[in-house]
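Report on the structure given below.
This one's a predicted model, so the numbers in the text were calculated from it and none came from an experiment. One is the number of the first residue; the rest follow in order along the sequence.
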Amino acid sequence: MKIRTRFAPSPTGLLHIGNARAALFNYLFARHHGGEFVLRIEDTDRERSTQHAVDVIFDGLKWMGLDWDGEPVFQASRQDRHAEVVAQLMEKGMAYRCYCTPEELAAMREKARAEKRPPRYDGTWRDRDPSEAPEGVPYAIRLRAPKEGETIIRDHVQGEVRVANAEMDDLILLRSDGTPTYLLAVVVDDHDMGITHVMRGDDHLTNTFRQAMIYRAMGWDLPEFAHLPLIHGPDGAKLSKRHGAQSVVDFREEGILPEALCNYLLRLGWGHGDAEVLDREEQIRLFDMDGIGRSPSRMDYVKLSHLNGIWMRRADDERLTALVMQRLERRDDLDHDETVRARVLALMPGLKERAKTVVELADNAAFAGLRLPLTITPKAEKHLGEEGRKVLAGLEEKLAGLEPFTAEGIDSTLRAFAAEHELKLGAVAQPLRAAMTGTTTSPGIDLTLAALGRDEVLARIRSVLSA
């Protein structure tokens, strides 16, 4: 059997982190078994579906490196096929027309609540003679669900789960306007697309029992199911805005690298011994359903940032520089030309050792594009008193004559200057750092000066001395 999994989001909002993890698991499972991973956009809710949401899904999956097989399938384009299946169920006597009005259905639910029963459809039209049908009244088509016995789902994560058929009502297949319901469309599409395994959130488990009835009514084999525990906030409550980032777009904007997010999401609900930092090749090699846990996961934003820092230190300097420049270009108070880009690239080995997000990386690199005069922080100002200015004045001449202007040469010059004036190296480096960045932090001072270049270094020293 060729493994075929799918990711089937509804384009009604952002790509939520729970959906992103489901997409990752489906992708890894398919690739692990040499199968296919397909994308289906479940856009039958035409009022809420938007092109923007579709674009966000495509963009998010591509950013995460989850390449799907073939062209995306849009569920709304398959409505004729959905109606065809309903017609077959009608012919088999497995479906029937329901003429209940919205008011009658509302009264039915209200009565059930008053009697402390679940608010289900009571089967009013299930066994009535078609000749009793009122003329000109729109109707829905419902599945004639079994009332005896039970439905059993053998789930790869949840184990064997049973529900008495008497607990479920006759679900709607086609609405009165002729459009298919989600429950019908998913079954037909999964069957027609040859989906062998369905991995999705365990909030869909109830739907699975209802969908199983459609499979069996059509005489189709069910796919294998794996219902994934949901992702909660750090406090165990439902993940919400108050906890922090929730969508792929949020995490990208907050400076998380895609490989770090995928690595974190994989370990959020799946495990393989003590393995923590896994690249895509290792993920595909190791992933299988038996490693998925049954308990809900909790987002740990601190752990994600730590993991992101690890992946940033592994990342290519050119790539990180491009990401930093994208952020610096949003700022009006900075230059962001090729000269600044070259400075950032030269500084990147030192910058990425300290940062945990691209946002932090960009903030730390921003001094490379500052215009004179620099704004000096109060903390940095303490290093630019009388003694600090003497150091800068003495260094100006030394650095002006240094040839070549390299990190090695700068380091030797600063050490020689410190020894000559009986100063600790920090007493030399800190005034320089304040003059170069306006702050008290930067990569190594020799690397910082070398990246800025002689002319810029001298200009910044003179700017401070003339203030």
Non-hydrogen side-chain atoms of Leu320 and Leu361 separated by less than 4.5 Å: yes
Residue pair Asp288 / His272, side-chain donor-acceptor N/O under 3.5 Å: no
Rounded to the nearest 0.5 Å, what separates atom CZ in Arg294 from atom CG in Asp155? 8.5 Å
Would you mind reporting whether Leu392 and Leu384 have side-chain heavy atoms less than 4.5 Å apart? yes
Smallest heavy-atom separation, Trp220 atom then Val188 atom, equals CZ3-CA, 4.1 Å
Show, in sequence, the C-alpha distance, side-chain angles and deciding distance for Leu257 and Leu323, and conclude whether the side-chain contact (heavy atoms from CB on, under 4.5 Å) test is met. CA-CA 10 Å; Leu257 296 178; Leu323 293 173; 3.8 Å; yes
Give the C-alpha distance, both sets of side-chain angles, the deciding distance and a yes or no for salt bridge (Lys or Arg N to Asp or Glu O under 4.0 Å) between Arg314 and Glu259. CA-CA 11 Å; Arg314 293 185 177 192; Glu259 56 268 43; over 6 Å; no
Between Ile57 and Pro11, is there a side-chain heavy-atom distance shorter than 4.5 Å? yes
Which heavy-atom pair separates Ala30 from Thr5 by the least distance, and what is that distance? CB-OG1, 3.5 Å
Treating Arg389 as the side-chain partner and Val464 as the backbone partner, does any N or O pair qualify as donor plus acceptor under 3.5 Å? yes
Quick note, salt bridge (Lys or Arg N to Asp or Glu O under 4.0 Å) partners involving residues 456-467, not counting sequence neighbours, are Arg343-Glu456, Glu396-Arg462, Glu456-Arg460
Between Arg40 (side chain) and Ala8 (backbone), is there a donor-acceptor pair under 3.5 Å? no
State, with a plain yes or no, whether a side-chain heavy atom of Arg81 is found less than 4.5 Å away from one of Asp192. yes
Measure the CG-CZ distance between Leu278 and Arg285 for me, rounded to the nearest 0.5 Å. 8.5 Å
Which atoms form the tightest heavy-atom contact between Ala20 and Val248, and what is the distance? CB-CG2, 3.6 Å
Worked verdict on Leu222 versus Phe225 for side-chain contact (heavy atoms from CB on, under 4.5 Å): CA-CA 9 Å; Leu222 274 72; Phe225 291 98; 4.0 Å; yes
Stepwise, does the side-chain contact (heavy atoms from CB on, under 4.5 Å) test hold for Val249 with Val56? CA-CA 8 Å; Val249 172; Val56 166; 4.0 Å; yes
Could you work out, with salt bridge (Lys or Arg N to Asp or Glu O under 4.0 Å) as the rule, every residue matching Asp45, not counting sequence neighbours? Arg48
Please determine whether salt bridge (Lys or Arg N to Asp or Glu O under 4.0 Å) holds for the pair Glu253 and Arg330, giving the CA-CA distance in whole Å, both sets of side-chain angles, and the decisive distance to 0.1 Å. CA-CA 13 Å; Glu253 188 58 30; Arg330 302 175 189 175; 2.7 Å; yes
Thinking salt bridges, do Arg6 and Asp69 make one under a 4.0 Å N-O criterion? no
Would you check, one step at a time, whether the test side-chain hydrogen bond (donor to acceptor under 3.5 Å, both in side chains) holds for Arg200 with Thr208? CA-CA 10 Å; Arg200 57 189 179 186; Thr208 300; 2.7 Å; yes
If the condition is side chain to side chain donor-acceptor pair (under 3.5 Å), which residues does Thr196 pass it with, not counting sequence neighbours? none
Residue set satisfying salt bridge (Lys or Arg N to Asp or Glu O under 4.0 Å) with Glu360, at least two apart, ordered chain then number -> none
Gln283 and Asp279: CA distance, side-chain angles, deciding distance, side-chain hydrogen bond (donor to acceptor under 3.5 Å, both in side chains) verdict: CA-CA 6 Å; Gln283 293 171 16; Asp279 62 23; over 6 Å; no
Name all pairs fulfilling the ring-ring contact (aromatic ring centres under 6.0 Å, His included) condition that reach into residues 18-62, sequence neighbours left out, sorted by first residue then second. Phe25-Phe287, Tyr27-Phe37, Phe29-His33, Phe29-His197, Phe58-Trp68
Could you list the residues that satisfy side chain to side chain donor-acceptor pair (under 3.5 Å) with Glu254, not counting sequence neighbours? none
Evaluate Arg433 against Thr437 for side-chain hydrogen bond (donor to acceptor under 3.5 Å, both in side chains), listing each step before the verdict. CA-CA 6 Å; Arg433 184 169 283 114; Thr437 70; over 6 Å; no
Please lay out, stage by stage, how Ser247 and Asp250 fare under the test side-chain hydrogen bond (donor to acceptor under 3.5 Å, both in side chains). CA-CA 5 Å; Ser247 74; Asp250 292 337; 3.2 Å; yes
Residues Thr357 and Asn308: closest non-hydrogen pair is CA-ND2, 3.5 Å
Could you pull out all residues at least two apart from Asp317 that satisfy salt bridge (Lys or Arg N to Asp or Glu O under 4.0 Å)? Lys352
Any side-chain heavy atom of Leu228 sitting closer than 4.5 Å to one from Met289? no
Strictly by side chain to side chain donor-acceptor pair (under 3.5 Å), give each pair with a member in residues 13-25 just once, sequence neighbours left out. Arg21-Ser297
Taking the side chain as everything from C-beta on, heavy atoms only, tell me whether Met325 gets closer than 4.5 Å to Thr321. yes
Within the distance-only criterion (no hydrogens, no angle test), does the side chain of Arg267 pair as donor or acceptor with the backbone N or O of Ala275 below 3.5 angstrom? yes
Are Arg78 and Glu42 close enough, and set up right, to give a salt bridge (Lys or Arg N to Asp or Glu O under 4.0 Å), and what steps lead you there? CA-CA 10 Å; Arg78 293 177 42 80; Glu42 298 193 335; over 6 Å; no
Looking only at heavy atoms, what is the nearest atom pair of His82 and Gln75, with distance? CE1-O, 3.6 Å
Tell me, do Leu28 and Trp270 make a side-chain contact under 4.5 Å, heavy atoms counted? no
Could you walk me through whether Glu329 and Arg341 satisfy the salt bridge (Lys or Arg N to Asp or Glu O under 4.0 Å) test, starting with their C-alpha distance in whole Å, then the side-chain angles of each, then the deciding distance to 0.1 Å, before giving a yes or no? CA-CA 11 Å; Glu329 285 165 8; Arg341 185 191 178 284; over 6 Å; no
As a quick check of understanding, evaluate side-chain contact (heavy atoms from CB on, under 4.5 Å) for Thr151 and Arg216, giving each step before the final call. CA-CA 10 Å; Thr151 295; Arg216 288 165 181 152; 3.2 Å; yes
Quiz: residues 404-413 side-chain donor-acceptor pairs under 3.5 angstrom, not counting sequence neighbours:
| unit_1 | atom_1 | unit_2 | atom_2 | d |
| --- | --- | --- | --- | --- |
| Thr406 | OG1 | Gly409 | N | 3.2 |
| Asp411 | OD1 | Arg415 | NE | 3.2 |
| Asp411 | OD2 | Arg415 | NE | 3.1 |
| Ser412 | OG | Glu408 | O | 3.2 |
| Thr413 | OG1 | Gly409 | O | 2.8 |

Applying salt bridge (Lys or Arg N to Asp or Glu O under 4.0 Å) to Glu381 and not counting sequence neighbours gives none
Heavy-atom closest contact (Pro443 atom, Thr448 atom, distance): O-OG1, 3.1 Å
Sequence-distant partners of Asp300, side chain to side chain donor-acceptor pair (under 3.5 Å), two or more places apart: none
Residue pair Leu334 / Val340, side-chain heavy-atom distance below 4.5 Å: no
All side chain to side chain donor-acceptor pair (under 3.5 Å) counterparts of Asp333, not counting sequence neighbours: Arg331
